[in-house]
Amino acid sequence: VMPQEVSFSGGGGGDADEANGVSFWDDNMQHLIELHQLTYQAIHDADPSGNSKLVGSGGWFFDLYSDFPDYPDIEGSTVQARLNGQNLFGSIYQKAFDSLKVLLLGLSDTTGGIKCDYIGWHPHSGWKATDQSFKFIKIYAPSLPIFVDDMWSAMLTSWNGLFFTLKDGYCQFIGGDSIEGDFPNASIASYQELFNGLESGDTGITNWYNAKTSREAVKCITTAFGEGAERIHFSLANDINPDNILLYFASQPYRYTGMVERKDNGFAPKPVMYTLRLLADKLQHFTSVEELSVSNNPKTRIYKFLLPDDKACLIAWSEAGWNTETPEIANGETVLIPVNDDTLNVWHLVTLPGNTSPTVSPIVASNGFISMQLGFEPVLIEDLGTAPTGLTMLQKNKLELQAFPNPVTDVVTIQYDHPKGMNVSLQLYYLFGRKVAERMLPDVLKGEQMTRLDLSMLPDGIYLLQVITGSSAGSIIIEKKGIHR
């Protein structure tokens, strides 16, 4: 019962489109909710086993949330301003926004009968929009799981249709060039140039677009699962067939978004097809997923998918800084990632034409952590959970550390009890970044120890100190603030 998408009209007119019967509004939401209740009852009467499910109506916010406005607030001052005229069309969308609240509240209300098994959703405008949209769902329909029944993750071009015109990137609120972070660039200056290049088969533009499509698919699907979706249907199959004149004419924003090419190109697989095979192969048995807290920047993400036998697959990326020219080269945050294994596999996406297999490279952990710079291109980190060291060692042989003063202005004293006489390694990391200092202390005697560290030349911030002594290790958070010398 997904009647279109409750989608802010789709023509840029906002609430003014209500009089024309475009989209769904609060004055007929009650009828839509009643339809759900009747349909749910009929389905479950016909199939008492419960195997048949009803996916309820949801919506699509277009690009309202595509740049994390007021994050994580879904109704902050920036969002309110966009809904009330500060958008690409100068339109008012407040009634449409409130209508979605009515719908979700009604579908989650079991008074008089259950309305549906899932909230359906169509996240077409990037992984950031998916994240914040799911926060909206969790507030207004917290009791229902989410079914992404129409995942479009590829970048949409522009629309110059017969009846209405949306802005570049198929947008209504801020426009695509405010969303992407890796576009426009020196090779493709505009959405129109992107569309023209795809239409004419320009090799460079097509290869760029296909590589971006591969990256975006992983980020969108990972975010959807990581933020609470139970099921995801990646709906795109092949590019629109040019032999179908009517459909081809109407498909301008999305005609090149499929996993395989057009009929006249033999439905040749694109890089995203092989990337999704990698994603399915590594995640097919996952039991749960959690976001790891490695940064205070919401544009840096690591999701840990837990697998049977204590294994895990981590998917990580960072859009902390724009990267218009080399999005395949990491330029985002460097983060410290907790892992179980000593040596892990880092899988890289298939993004280049002609490649059918992902590349893999090893990375070695140091005392239960790996340090890695992330970027626009996500990576899959395969943690097999087999090593006897790493976090397992830290948990079994943990050093208790004290640091004073903490916060510290210049010199901090570290106190710990050394279990046996041997070398000691002190390693200092930015909490959300790279190693900044290391000191080796040879032949430290057994017993209580005190070591002084001068942090006066370091910038203010939060640091992680690790003390490693053979088979034992410990860590402590240190805050540095004050006057620099």
Do Asp168 side-chain atoms and Ser190 backbone N/O form a donor-acceptor pair below 3.5 Å?
-> no
Distance in Å, Leu283 CG paired with Ile315 CD1, rounded so as to fall on 0.5 Å steps = 4.5 Å
Apply the test ring-ring contact (aromatic ring centres under 6.0 Å, His included) to residues Phe173 and Phe62: give CA-CA distance (whole Å), side-chain angles for both, the deciding distance (0.1 Å), then the verdict.
-> CA-CA 8 Å; Phe173 290 97; Phe62 281 82; 7.7 Å; no
Considering residues at least two apart in sequence or located in another chain, which fulfil the salt bridge (charged side-chain N to carboxylate O under 4.0 Å, His left out) criterion with Arg301?
-> Asp131, Glu227, Glu291
Looking at Tyr248, is Arg255 sitting on its ring face, NZ or CZ under 6.0 Å from the six-membered ring centre and within 45 degrees of the normal?
-> yes
Arg215 (side chain) donor-acceptor with Pro378 (main chain) under 3.5 angstrom | no
Partners of Phe225 by ring-ring contact (aromatic ring centres under 6.0 Å, His included), sequence neighbours excluded?
-> Phe286
Donor-acceptor under 3.5 Å (Glu382 side chain, Lys282 main chain) | no
Should the ring pair Phe68 and Trp127 be called parallel, tilted or perpendicular, given that the plane angle runs from 0 to 90° and is split at 30 and 60?
-> perpendicular
Can you tell which of Glu319, Glu377, Glu180 makes a salt bridge (Lys or Arg N to Asp or Glu O under 4.0 Å) with Lys219?
-> Glu319
Lys/Arg-Asp/Glu bridge criterion (N-O < 4.0 Å) met for Asp383, Lys311 | no
Once the angle between the rings of Phe136 and Phe61 is folded into 0 to 90°, is it parallel (under 30°), tilted (30 to 60°) or perpendicular (over 60°)?
-> perpendicular
Is it true that Asp239 and Lys270 make a salt bridge, defined as a side-chain N closer than 4.0 Å to a carboxylate O?
-> yes
Can you name the side-chain hydrogen bond (donor to acceptor under 3.5 Å, both in side chains) partners of His44, sequence neighbours left out?
-> Asp117
Rounded to the nearest 0.5 Å, how far does OH of Tyr40 lie from OG1 of Thr110?
-> 10.0 Å
Check salt bridge (charged side-chain N to carboxylate O under 4.0 Å, His left out) between Glu261 and all other residues, then give those that pass, not counting sequence neighbours.
-> none
Taking only residues two or more places apart in sequence, or in another chain, which ones meet Phe134 in a ring-ring contact (aromatic ring centres under 6.0 Å, His included)?
-> none
Sequence neighbours left out, what passes side-chain hydrogen bond (donor to acceptor under 3.5 Å, both in side chains) with Ser153? Give chain and number order.
-> none
Is any side-chain N of the basic residue among Glu230 and Lys53 closer than 4.0 Å to the acidic one's carboxylate O?
-> no
